[in-house]
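When reading the values below, keep in mind they use all heavy atoms of this one structure, side chains included, and skip hydrogens, waters and symmetry mates. Residue numbers begin at 1 in each chain, while the letters A, B, ... track the order of the sequences.
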Amino acid sequence: MKFSSSYEPNQFEPDIYAAWEAAGVFNPTVSTVPVDADGNGHDDRLESEENAFSEHVWRRAKHGASEPRNDGSELAFRKSISSDSTYSIVMPPPNANGNLHIGHGLTVALEDSLTRYYRLKGKSTWYIPGADHAGFETWVVYERALEASGHTRFEYDRNELYARVWDFVAQQRGNMEVQLRALGASCAWNDLTFTLDENVVDRVYTTFEKMWNDGLIYRGKKLVNYCPKHQTAFADIEVEHQDEPGTLWDIAYDDIIVSTTRPETLFGDVAVAVNPNDNRYQDRIGKKVHLPLTDREIEIIADEHADPEYGTGAVKITPAHDFDDFEVGERHHLPQIQVISEEGRMINVPDKYYGLTTAECRKQVLKDLKEQGLLKGEKKITHSVAHCYKCGTVIEPMLKEQWFIDVKTLAKTAIEHLNNNEIKFYPESKQKVLINYLENLKDWNISRQIPWGIAIPMFKKIDDEATDEPEWIFDKRTNLKEIEKSGVKYIRDEDTFDTWFSSSHWPIVCTDWSDENPTPYYPLNVMETGVDLIFAWVSRMIMMGLYVTGEVPFKEVYFHGLVLDEHGKKMSKSKGNVINPMELVVKYGSDAFRLGILRGRSAGMNQAFSENSVISGRNLANKLWNISRLVQSMVDEDGEADASFHFASPSENREVESSRVPESTGRRPDSTTRFLPGAQQSASERSLSIYTTDNMGEDWICREINDCLDQVENDMKTYRFAEAVEVLYTTIWDKYADWFLESQKLYKNVPLLKTTLESLLIAIHPFAPFVTEAIWQNLSWTKGFIITAKWPERLEYDPISAENFENIRIIVSEIRSTLQSLPGANNSKKYGLMYDNDALVEDNSLLIKTLAKVPTINPLNGSPRGLRIALASHELYLDVPEKVIKDYKDALTEKILSVGRELDALNLRMSNPNYVERAPEHLVKETRNQIKEKESLISRLKNQLTLT
RNA sequence: GGGGAUUUAGCUCAGUUGGCUAGAGCGUACGAUUCACAUUCGUAAGGUCACAGGUUCAAGCCCUGUAAUCCCCACCA
């Protein structure tokens, strides 16, 4: 016996993954094969193939494209296949030097389930892994390490820093790839794309050049979100707003009082704005006031920006340090006076304040204003303050020259395609959200003052440095600091791209799309990612995909929400409620984790997660293991004798009337041989194509498995992972194990046992890849890998026989329930069952006897006696003594009342003439039948009540 | 201010185009036990589907309103 009594994931998972990887089954070239097409025998496949976790990504990233991703035949295949036969999906690249967190665990569970499902369905399936250089994230970590060692970034130039971070990341590279393997991700490792790979950089430069030529890129001196700590600018979406208490000060500018939360910026004031409709200030518009603490005068202007309701209705205008004021300044052609440096210190201010930090300066300004009697009031307020999302430093709006993308046409095109429903969203509502976002999108600042990233390929004419509008040229030679073109020298812009600019090309670069060589794997079938990335990433991939390829980059988007802790709270280090997916994988197995995290999860929702769900997944894996163990043992027994004589043992049969032996096993005389659909050509390939069905639940389980497959297929089409897992769970556990296998202990239909087990194993493989493969490799008759098996065909069955078994289930359940509710100690509840005029019960007496655990089952000879089972269409009696029936009276009364309540509801429905008239006929008919049934049941139960 | 969600059993969640007595897992209670599995088996309790109206023969589902909770965007001198 190869099977131990419980499934131990750790014994199998690493070897199985290594065997898959060694066999190359993750490549898109591999499609499904008939289960026994591989003649090599299967066990040796799992033997110690060298498990070489690839250093591929790093080698390739460092050495550039010199190392081809795949050999020629693989690449030729990829170009030749029709796009109808492909299924492509990319992994949102985890940080190359980080560890996977619970969100990655969910992502992999979702994406890999899809991948495996479509692989089983026969698609050329390509799940492309990635690794992210994580520009800013990694930079922050590196800079912290640098500071800890007593150095600063300013000791090195950009190229040195880039090289140092590269080495730092190489050393610090975490276990990300190992962890993805542990989760079972069946991704094509040879195609792993690193965000700094040469082909990525090249594609990004090509796009940038095209945009530059199309006039979509411009260099603008605008206010940007600037973190004085990290000394870099951010895009709007990288800034976190928080409501905080603050103070609103009233300051007298002559006789006009302005209100401000930032008095230190008054040195940058260039005007005071009032609302054009504000009666209080009509006569002052165009006049001048004296700017306190200086010898300047500034004009009073009229602008809608000033809200008459807020403060005094007069607002100071500081274009260089406030986003709204910047716009006001543009409208009125006002100068921009920068008074805060990039280091966060005061500049262009009277000597007294020069060099102070903003906080020091504020204190001093307030003190001086107070002394001069110009501080007219202060009020505590709550206002939202922008922070650096990484270090929490307050964001300083800073006037900087940066590269911007004019997003108008990009957004417009994207909106058109979205309105055209070219991308299907899960959840649906996100489509609107995205369109709404794109409609209000502002120009995108793509410059970052961080060395770790893709260098911006723009060079400035050296001798133009002094002019206001220097000449910029595009050039890809960013490895050089200086270049020469036509005798003119140019110097490189030191900035790097916003990572989202390169990430927006992800579907394009991962699939190796190019103008000359479009690929059948683009657009992707689906983009699966976190809902938090809808704006930062998804919106930009759509814009960029359309700009570069003219097509949307993916046909569907599935958003997952946050994984919350078991109480529905966000996980955070400070709360100490962070769940590490790897701990759960080690403790319960990868399958358990995957099943657990998919349970109760639906698109776009932030949902709770707890270890319990993983335990439940572990139990299912173990159940599958033991089911297979039982089936294998039945198959083994079968090998020793002719299957057609596997009736229950003679001694057992003798307990029933001897003349009824054949019927009592539930074997139908007319049992028929059934073929799988399409069996003609595959019968020789699939050893299990032929089976017969009998009663004993055999037709029934075929029906249930077919229904289950229908539902799983439907659920996968609509990304309802939790439902797919649920229906598999129920079918395998509650139906296959609890009813079908129990009944098969009486009569073993070995071909059917094999076929049904295979179907269920394959169907749940996408969600529990390891245990199903472990079983597959241990079953005596299966061949090859389950990962490349073929999705199950529907099973043929006799519907009447299936329905008969359904009736038997109802009968057995009712007997069990009645027995449980009988008074008295349990070991005394062994009562025989009697039936009257009931062919179904008679024909399946052994089955019912076994499943209901009654000692005997006999026809009722003579008048009814004992305790009637509460079934309308079957006359069954438990042979219990008078006394027990008397004690059971209360329960019986309650039963009658409860059926009576149901009957009342039905009668009420029928008494409504509109119902009879307007409801569909079949419903009305059904109601009538139910009334009849319940009435007869009540009268029989009542009869029994009076008898006792 | 704009947008998007959520509210169903003690907990976490399903419930698709309205249709029969609203489901699951976990938890709880009671019972079982050599023969695949205690990571097991059986049985049961547990619901005013947030609230108020409306449409309909019929509403957890559709419509209107209210309340609570959450997320995103913008703004806050």
**Request:** Please name the pair of heavy atoms, one in Pro397(A) and one in Asp322(A), separated by the smallest distance, quoted to 0.1 Å.
**Result:**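 Answer, listing the atom of Pro397(A) first, then Asp322(A): CB-N, 4.3 Å.
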What nucleic acid atoms does [X] come within less than 4.0 Å of, heavy atoms only: base, sugar-phosphate, or nothing?
{"X": "Ile317(A)", "value": "nothing"}
{"X": "Asn440(A)", "value": "nothing"}
{"X": "Thr261(A)", "value": "sugar-phosphate"}
{"X": "Pro913(A)", "value": "nothing"}
{"X": "Arg618(A)", "value": "base"}
{"X": "Ser602(A)", "value": "sugar-phosphate"}
{"X": "Lys569(A)", "value": "nothing"}
{"X": "Ala737(A)", "value": "base"}
{"X": "Lys623(A)", "value": "base"}
{"X": "Tyr310(A)", "value": "base"}

**Asked** Using the ring of each side chain (for Trp, its six-membered ring), is Tyr729(A) parallel, tilted or perpendicular to Trp733(A), with breaks at 30° and 60°?
**Response**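 Ring orientation, 0 to 90° scale: parallel.
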**Message:** Strictly below 4.0 Å, N to O, side chains only: are Arg809(A) and Glu806(A) in salt-bridge contact?
**Reply:**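 Between Glu806(A) and Arg809(A) there is a salt bridge, with a charged N closer than 4.0 Å to a carboxylate O.
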**Item:** Quiz item: Lys745(A) side-chain donor-acceptor pair to rA36(B) base, under 3.5 Å
**Value:**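 Looking at the base of rA36(B), it does pair with a donor or acceptor on the side chain of Lys745(A) (distance under 3.5 Å).
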**Polar side-chain contact Gln820(A)-rG42(B) base: donor and acceptor under 3.5 Å** =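 Pair found.
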With both distances under 3.5 Å as the test, what is the Watson-Crick or G-U wobble partner of [N]?
{"N": "rA22(B)", "result": "none"}
{"N": "rA59(B)", "result": "none"}
{"N": "rA5(B)", "result": "rU69(B)"}
{"N": "rU43(B)", "result": "rA29(B)"}
{"N": "rU17(B)", "result": "none"}
{"N": "rU64(B)", "result": "rA52(B)"}

**Message:** Looking only at side-chain N and O atoms, does Thr756(A) offer a donor or acceptor that is under 3.5 Å from a partner on Tyr736(A)?
**Reply:**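 Present: a donor and an acceptor within the cut-off.
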**Asked** Going by atom types only, do Glu933(A) and Asn929(A) share a side-chain donor-acceptor pair under 3.5 Å?
**Response**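 Absent: no donor and acceptor within the cut-off.
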**Message:** Return whichever of Asn612(A) or Val315(A) has its heavy-atom-nearest nucleotide of RNA chain B closer to the 5' end.
**Reply:**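 Looking at RNA chain B, the more 5' nearest nucleotide goes with Asn612(A).
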When you compare [N] with [M], how far apart are their [atom1] atoms, in angstrom units rounded to a whole number?
{"N": "rA50(B)", "M": "rG60(B)", "atom1": "P", "value": "10 Å"}
{"N": "rU40(B)", "M": "rA45(B)", "atom1": "P", "value": "22 Å"}
{"N": "rA29(B)", "M": "rA9(B)", "atom1": "C1'", "value": "15 Å"}
{"N": "rA58(B)", "M": "rC70(B)", "atom1": "C1'", "value": "34 Å"}
{"N": "rU7(B)", "M": "rG15(B)", "atom1": "P", "value": "10 Å"}
{"N": "rU56(B)", "M": "rG1(B)", "atom1": "P", "value": "36 Å"}
{"N": "rC63(B)", "M": "rU69(B)", "atom1": "P", "value": "24 Å"}
{"N": "rA52(B)", "M": "rG23(B)", "atom1": "C1'", "value": "27 Å"}

Closest to the [X] side chain, choosing from [options]:
{"X": "Ser616(A)", "options": "rA36(B), rU21(B), rG25(B)", "value": "rG25(B)"}
{"X": "Asp738(A)", "options": "rG42(B), rC37(B), rU39(B)", "value": "rG42(B)"}
{"X": "Tyr915(A)", "options": "rG19(B), rC41(B), rU43(B)", "value": "rG19(B)"}
{"X": "Phe535(A)", "options": "rU43(B), rG42(B), rC72(B)", "value": "rC72(B)"}

Can you tell me how far [atom2] of [N] sits from [atom1] of [X], to the nearest Å?
{"X": "Gln242(A)", "N": "rC72(B)", "atom1": "CD", "atom2": "P", "answer": "11 Å"}
{"X": "Leu908(A)", "N": "rU21(B)", "atom1": "CG", "atom2": "P", "answer": "11 Å"}
{"X": "Asn912(A)", "N": "rG19(B)", "atom1": "CG", "atom2": "P", "answer": "18 Å"}
{"X": "Asn626(A)", "N": "rC37(B)", "atom1": "CG", "atom2": "C1'", "answer": "4 Å"}
{"X": "Leu741(A)", "N": "rC35(B)", "atom1": "CG", "atom2": "P", "answer": "16 Å"}

**Item:** Exceeds 12 heavy-atom contacts within 6.0 angstrom, atom CD of Glu439(A)
**Value:**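 Yes, enclosed.
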**Prompt:** Near RNA chain B, which residues from residues 720-734 of chain A have a heavy atom under 4.0 Å away?
**Reply:**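 Here the set is Arg720(A), Glu723(A), Glu726(A), Trp733(A).
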**Request:** Indicate whether OP1 or OP2 belonging to rC30(B) is found under 4.0 Å from a side-chain N or O atom of Arg816(A).
**Result:**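 No.
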**Prompt:** Just to confirm, is there a sub-4.0 Å distance from OP1 or OP2 of rG42(B) to any side-chain nitrogen or oxygen of Ser813(A)?
**Reply:**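 No, outside the criterion.
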Might you list the N or O atoms of the protein lying below 3.5 Å from N or O atoms in nucleotides 1-12 of chain B, with each pair's distance?
none

**Partner of His387(A) under side chain to side chain donor-acceptor pair (under 3.5 Å), chosen from Glu240(A), Glu244(A), His241(A)** =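 That would be Glu244(A).
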**Asked** Given the side-chain rings of Phe12(A) and Tyr7(A), with only the six-membered ring counted for Trp, is the space between their centroids under 6.0 Å?
**Response**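 Yes, close enough.
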